[in-house]
Protein chains: 2
Amino acid sequence: MKDDDPKLSPAAGRRLSQYLRVLRGDRGAGTVSSESLAKSVGVSAAQVRRDLASLGHLGQRGVGYDVTLLADAIRHTLGIHREWRAVLIGVGNLARALLRYRGFAEQGFHIVGLFDADPAKIGTSLERLSIEPMENLVKRVQDLQAELAILTIPSDAAAAIAETLATAGIRGILNFAPTLIRTPATTTIPIVSVDLAIQIEQLAFQVQARSGARVVE
Amino acid sequence: MKDDDPKLSPAAGRRLSQYLRVLRGDRGAGTVSSESLAKSVGVSAAQVRRDLASLGHLGQRGVGYDVTLLADAIRHTLGIHREWRAVLIGVGNLARALLRYRGFAEQGFHIVGLFDADPAKIGTSLERLSIEPMENLVKRVQDLQAELAILTIPSDAAAAIAETLATAGIRGILNFAPTLIRTPATTTIPIVSVDLAIQIEQLAFQVQARSGARVVE
DNA sequence: CGTTGTGAACTCATTCACAGCT
DNA sequence: AGCTGTGAATGAGTTCACAACG
């Protein structure tokens with residue numbers, strides 16, 4: 001087992017997620033063309049073909065791509081063909097929103113533990129999960145067999161906690177704290193940051209630039 | 001007034017937001033170097049210089065960039081040197097989280113109206129704002145002088161509402177619905193979509209690819 | 001000196017255009 | 001005929017390396 005994927009840029013990864021979303025709607029239609037996928041997502045047909053070709057030969061010339069087959073292939077290369085267990089750190093409104101968000105469970109992402117620093121919250125329950133103190137974090141991560149962590153703490157403790165999580169065996173972090181987490185080179189694990197302020201700043205930027213063109217990202 | 005910016009890629013826009021975030025922390029230090037900014041954000045120093053040079057000549061050779069001057073320049077090109085008024089559509093947990101999120105107000109983004117389709121919620125208040133029925137949307141957007149809309153509705157009504165918003169004079173949409181909004185060519189306004197499921201999928205992807213390298217984006 | 005600004009080289013990503021299957 | 005896969009051409013974005021300047 002050496003270099004299984006040829007190559008796959010991060011941008012290409014995002015597009016795969018988008019194709020997958022479209023395919024979910026097309027369940028039933030036996031087959032799709034690069035052209036139709038392209039229109040739905042807003043990229044060129046050539047782009048779609050290039051992306052999909054990199055997953056192996058799963059299109060049929062003159063016909064198109066088998067919907068369920070393609071969806072499976074994408075799920076496989078994205079690594080979401082299996083279940084992922086995640087802990088949620090910092091139980092505020094955002095955490096509540098994520099807990100109730102159907103999209104996660106549907107794609108096989110399961111939140112299996114809640115942690116918070118606020119003593120008042122410890123012991124209370126949410127969606128069948130009891131909120132635990134931060135001290136338990138390292139030990140419980142192992143018990144729960146969680147591989148991912150979602151950080152929804154308001155601010156600056158993020159970096160320290162990220163460090164702790166890495167040593168606890170967490171393999172990836174989805175970070176909502178508006179802090180740039182500087183991973184300290186040693187225990188470097190993937191971090192995907194969603195900074196809500198940056199998103200709305202980007203919107204303002206696009207509006208101001210009055211580029212009539214639709215930009216979706 | 002013709003082509004004011006020379007050019008500014010969307011990726012460059014995101015980086016500007018990140019530099020700005022770092023600068024906020026460095027308030028006090030009179031000056032920063034491209035090198036230090038680069039390290040904080042995780043890009044190359046040459047990249048930083050290239051980005052900042054496009055905003056005009058505001059670095060001093062041998063010295064660096066004046067922190068407050070630079071921050072102002074970035075805010076200006078991003079279009080966040082002024083206030084922006086936004087309405088929030090769909091008042092669930094996510095909306096509550098956004099309302100309480102300090103990052104918005106700090107950057108001059110003010111939520112000035114709440115709307116929901118659920119009759120049970122109409123009339124109740126949240127952070128001094130009373131929740132209004134969707135029927136009022138078009139009329140109220142004008143009164144409130146809102147330019148942006150934040151969509152936090154759970155699902156598929158998104159596309160229709162986006163259409164309505166565009167005709168109501170909204171100039172940009174921050175969309176949290178996990179739907180690809182297909183703007184109908186006519187009334188095309190900028191849409192920035194934040195799809196939480198896609199974010200966690202990307203995380204799983206990176207973890208699976210076990211590319212030890214930190215990817216922050 | 002130290003640090004910016006920038007031409008030139010280079011790498012990565014996207015589009016073109018068409019041969020090759022079905 | 002229709003639609004994919006892909007080499008070649010193009011374009012965008014990034015790094016190199018160094019002259020220019022306080």
Side-chain angles (χ1 to χ4, degrees), chain A residues 3 5-19 22-23 26 29-67 69-71 73-74 77 209 211 213 215-217, chain B residues 3 5-19 22-23 26 29-67 69-71 73-74 77 209 211 213 215-217:
Chain A
D3 205 343
D5 333 78
K7 243 156 286 182
L8 195 48
S9 76
R14 270 196 296 271
R15 286 194 301 269
L16 288 182
S17 276
Q18 294 181 307
Y19 302 151
V22 174
L23 292 175
D26 294 0
T31 164
V32 281
S33 67
S34 60
E35 183 66 32
S36 82
L37 270 177
K39 229 185 321 181
S40 301
V41 172
V43 299
S44 77
Q47 180 75 85
V48 173
R49 290 201 295 277
R50 183 72 71 184
D51 287 341
L52 298 187
S54 75
L55 314 187
H57 295 228
L58 31 75
Q60 249 189 308
R61 305 191 191 217
V63 182
Y65 301 87
D66 180 281
V67 171
L69 211 65
L70 178 55
I74 293 179
T77 52
S211 57
V215 182
V216 174
E217 143 89 17
Chain B
D3 206 341
D5 330 84
K7 245 156 282 182
L8 196 49
S9 75
R14 270 194 296 271
R15 286 194 301 269
L16 288 183
S17 276
Q18 294 181 308
Y19 303 150
V22 174
L23 292 175
D26 293 0
T31 164
V32 282
S33 67
S34 60
E35 182 68 30
S36 83
L37 270 177
K39 227 185 324 180
S40 300
V41 172
V43 299
S44 77
Q47 179 77 84
V48 173
R49 290 201 294 277
R50 184 71 72 184
D51 288 339
L52 298 188
S54 75
L55 313 188
H57 295 229
L58 30 74
Q60 249 188 309
R61 303 189 194 220
V63 181
Y65 302 87
D66 180 278
V67 170
L69 210 64
L70 179 55
I74 294 179
T77 53
S211 57
V215 181
V216 173
E217 145 88 17

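Every heavy atom of this structure was used, including side-chain atoms; hydrogens, water molecules and symmetry mates were not.
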Exercise for the section: Not counting sequence neighbours, which residues clear side-chain contact (heavy atoms from CB on, under 4.5 Å) with A46(B)? List them please. Expected result: S44(B), R49(B)

Handout entry: Counterpart residues, side chain to side chain donor-acceptor pair (under 3.5 Å), relative to R50(A) (two or more places apart)
Key = none

Can you give the donor-acceptor pairs under 3.5 Å from side chains of residues 56-65 of chain A to other protein atoms, not counting sequence neighbours?
none

Exercise for the section: For Y19(B), check side chain to side chain donor-acceptor pair (under 3.5 Å) against everything at least two apart and list the hits. Expected result: D51(B)

Exercise for the section: Classify the nucleic acid contact of L55(A) as base, sugar-phosphate or nothing, counting any heavy atom under 4.0 Å across all strands shown. Expected result: nothing

Practice task
Decide yes or no for L16(A) and L55(A): does some side-chain heavy atom of the first lie under 4.5 Å from some side-chain heavy atom of the second?
Solution key: yes

Exercise for the section: Mark up nucleotides 14-22 of chain D, 5' to 3', with B wherever a protein heavy atom is under 4.0 angstrom from a base atom, S wherever such an atom reaches only the sugar-phosphate, and - elsewhere. Expected result: SB-B-BBBS

Problem - Heavy-atom check, side chain of L37(A) versus side chain of L52(A), under 4.5 Å - result: yes

Problem - H57(A) NE2 to dT6(D) C1', straight-line distance once rounded to whole Å - result: 10 Å

Handout entry: Non-neighbouring partners of S33(B) that pass side chain to side chain donor-acceptor pair (under 3.5 Å), sequence neighbours left out
Key = none

Exercise for the section: Tell me, please, which residues at least two apart from D26(A) pass salt bridge (Lys or Arg N to Asp or Glu O under 4.0 Å). Expected result: none

Problem - OP1 or OP2 of dG2(D) under 4.0 Å from side-chain N/O of Y65(A) - result: no

Problem - Range on DNA chain C touched by chain B - first to last nucleotide, heavy-atom distance under 4.0 Å - result: dG2(C) to dA8(C)

